[in-house]
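Presented below is the structure to which this report refers.
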Amino acid sequence: HAPGRVELVGAPWHSHGAAFVEVLHGSKHFAFLPPGDGAIGDIDAMIKDLSQVHWHWEERPRLEREGRLAALQALLGRGVAPPLQS
């Protein structure tokens with residue numbers, strides 16, 4: 001990647017029920033909406049052709065301005081795992 005530019009990588013968009021998630025290195029951004037929230041269907045349709053970064057930087061702020069993400073809870077998880085011992 002270009003000098004001074006942060007390379008953004010990660011999993012494709014997905015959703016699931018109960019989960020156990022570990023972040024061993026780097027960070028992971030979580031965005032939670034309660035089941036049945038009215039924005040979920042629109043977001044599911046919207047993200048089919050978008051990267052997570054595009055949605056987070058461009059579409060999410062628009063939905064927030066419209067008041068559609070009032071119930072959204074976000075979390076940034078950072079991994080700090082000790083080195084593996086051999």
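Excluded from the calculations below are hydrogen atoms, water molecules and symmetry mates; all remaining heavy atoms, backbone and side chain alike, are included. Residue indices begin at 1 and follow the sequence shown.
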Which heavy atom of I40 sits nearest to which heavy atom of P34, and what is that distance? CD1-O, 3.4 Å

side-chain contact (heavy atoms from CB on, under 4.5 Å) between F32 and D37: does it pass, once the steps are laid out? CA-CA 10 Å; F32 301 99; D37 188 283; over 6 Å; no

Scan residues 50-61 for pairs that pass salt bridge (Lys or Arg N to Asp or Glu O under 4.0 Å), counting only residues two or more places apart or in two chains. E59-R62, R60-E64

Output a table of donor-acceptor pairs, distance under 3.5 Å, between side-chain atoms of residues 68-77 and any protein atom two or more places apart or on a different chain; print 'none' if there are none.
unit_1, atom_1, unit_2, atom_2, d
R68, NH1, D42, OD2, 3.2
R68, NH2, D42, OD2, 2.3

